[in-house]
Amino acid sequence: MTPPVAALARRRGSGLTRFALWAFGALFSFALSVAAYDFVTGLLARNVVLGWAAFALVVLAVLAGLVLALREWGAFLRLRRLDGLREQALAARAGADLKAARRVVSGLTGLYAARGDAAWGLARLAEREDDVMDADALLALAERELLTTLDAEARLVIESAARQVAMVTALVPLALADVAVAAVANLRMIRQIAEIYGGRSGSFGSLKLLRRVFGSLVAAGALALTDDMIGSVAGGGVLSKLSRRFGEGVVNGALTARVGLAAMELCRPLPFAALDRPAVSSLVSRALAGLVSRGS
């Protein structure tokens with residue numbers, strides 16, 4: 001994803017929209033609090049036992065809400081940390097700043113220090129990073145050692161989601177069933193990709209990330225037939241002559257893979273540079289390797 005597209009995907013809503021959302025949220029919270037207070041005091045006046053039971057339930061609900069809010073806030077902070085590392089890496093590479101590149105590498109090692117699947121890469125990076133005296137080379141070394149395995153895991157998630165969407169589209173004749181499955185599969189895929197790269201997201205974090213992913217796709221014009229989707233869509237067109245539903249499944253699988261690739265670019269702590277950016281056509285061909293031969 002190019003920096004202008006990434007910046008457009010990260011762009012926040014207008015100040016008026018944020019203020020309106022805050023005002024409605026504050027009004028709803030205030031009204032709910034007053035209703036809960038009237039409910040508890042009314043029960044206390046009628047029956048002490050029921051009133052104290054209602055009070056205990058209200059306290060438990062408030063505590064559960066605080067825990068959920070803290071978890072969602074932590075999810076937003078994790079996603080923001082990934083964004084910060086990616087922006088710092090872009091700035092360090094653009095300015096050939098070795099000190100900034102070392103700070104990025106230090107942030108990456110702290111991010112993945114407790115990850116078992118990154119232990120081998122962390123050890124190799126620690127052995128070689130002191131010998132590298134170039135910002136671009138250091139960031140490339142960190143990308144190869146730390147993100148190769150994570151990229152492979154993310155590709156497997158994308159291929160699984162693309163396969164699921166394609167199969168449901170091809171085999172389930174129910175109206176809107178493929179739309180519902182695609183929506184659920186895409187949201188789950190985006191959440192899993194975020195977890196792979198260290199940005200475990202909550203419910204609202206996943207929805208925000210989903211909005212950013214589709215915002216980046218629209219900004220890049222990627223919902224149209226981009227170059228890396230032509231092979232997949234063309235294959236779907238050929239197969240549609242044999243089975244219209246199967247052809248639609250291939251196209252929907254390609255779109256799901258494109259969404260997953262956009263999620264990779266947004267969740268990755270480093271932009272694609274030393275490692276090749278996966279192509280949608282290769283992701284779909286691997287996801288549907290067995291299905292295509294049987295469908296044909």
Side-chain angles (χ1 to χ4, degrees), residues 1 6 74-75 77-94 96-163 188-202 205-206 209 213 257 259-287 289:
M1 183 182 300
L77 292 179
R78 284 189 291 268
L79 293 175
R80 185 176 298 178
R81 184 181 184 184
L82 295 178
D83 289 340
L85 287 173
R86 187 168 55 254
E87 292 174 357
Q88 293 171 27
L90 287 171
R93 179 172 279 117
D97 190 341
L98 181 59
K99 290 184 179 180
R102 292 197 184 280
R103 287 195 295 269
V104 172
V105 172
S106 177
L108 288 172
T109 55
L111 179 64
Y112 297 128
R115 293 278 295 266
D117 53 355
W120 187 74
L122 286 170
R124 285 177 55 87
L125 178 61
E127 293 175 358
R128 303 173 57 189
E129 65 174 320
D130 292 336
D131 299 329
V132 180
M133 297 300 170
D134 178 75
D136 192 50
L138 180 60
L139 292 174
L141 174 65
E143 183 181 1
R144 285 192 298 268
E145 298 297 344
L146 297 181
L147 299 185
T148 300
T149 302
L150 303 185
D151 287 346
E153 295 177 10
R155 284 196 297 270
L156 290 177
V157 169
I158 295 172
E159 292 169 11
S160 176
R163 184 184 306 112
R188 183 172 61 244
M189 173 185 66
I190 291 172
R191 186 167 186 166
Q192 290 175 341
I193 290 173
E195 292 176 353
I196 287 172
Y197 289 110
R200 294 184 303 275
S201 58
S206 297
L209 186 56
V213 167
V259 171
L261 184 54
M264 281 184 68
E265 294 176 328
L266 286 174
C267 296
R268 222 172 175 262
L270 293 177
F272 283 104
L275 299 177
D276 294 331
R277 178 178 177 273
V280 172
S281 56
S282 63
L283 291 172
V284 176
S285 62
R286 284 195 298 268

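The chain is numbered in sequence order, starting from 1.
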Checklist entry - Is there side-chain contact between D117 and E153, with heavy atoms separated by less than 4.5 Å? => result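 In short, these two side chains touch, coming nearer than 4.5 Å.
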Checklist entry - Does the side chain of L85 reach to within under 4.5 Å of the side chain of L111, using non-hydrogen atoms? => result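 A side-chain contact under 4.5 Å exists here.
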Using 0.5 Å steps for rounding, measure from the [atom1] atom of [X] to the [atom2] atom of [Y].
X    : Y    : atom1 : atom2 : result
M189 : E159 : CE    : CD    : 12.0 Å
E265 : L270 : CD    : CG    : 13.5 Å
L150 : C267 : CG    : SG    : 12.0 Å
I196 : L147 : CD1   : CG    : 11.5 Å
R163 : I158 : CZ    : CD1   : 12.5 Å
L146 : T109 : CG    : OG1   : 8.0 Å

Does [Y] offer a backbone N or O that forms a donor-acceptor pair with the side chain of [X] under 3.5 Å?
X    : Y    : answer
S285 : S282 : yes
T148 : R144 : yes
R86  : L266 : yes

Determine the minimum heavy-atom distance between [X] and [Y], stating which atoms define it.
X    : Y    : answer
A113 : L122 : CA-CD1, 3.9 Å
A263 : I190 : CB-CG1, 4.0 Å
E143 : F272 : OE2-CA, 3.6 Å
L139 : A89  : CD1-O, 3.6 Å
A142 : V105 : CB-CG2, 4.0 Å
R124 : E145 : NE-OE1, 2.8 Å

Checklist entry - Would you call R128 and D131 a salt bridge, using N to O less than 4.0 angstrom? => result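 Here R128 does not pair with D131 in a salt bridge, since their nearest N and O are not under 4.0 Å apart.
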Checklist entry - Is the closest basic N to carboxylate O distance between D97 and K99 below 4.0 Å? => result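 No.
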Next on the checklist: Could you go through D151 and R268, starting from their C-alpha distance and side-chain angles, then the distance that decides it, and tell me whether this counts as side chain to side chain contact (heavy atoms under 4.5 Å, CB included)?
Outcome noted: CA-CA 9 Å; D151 287 346; R268 222 172 175 262; 2.6 Å; yes
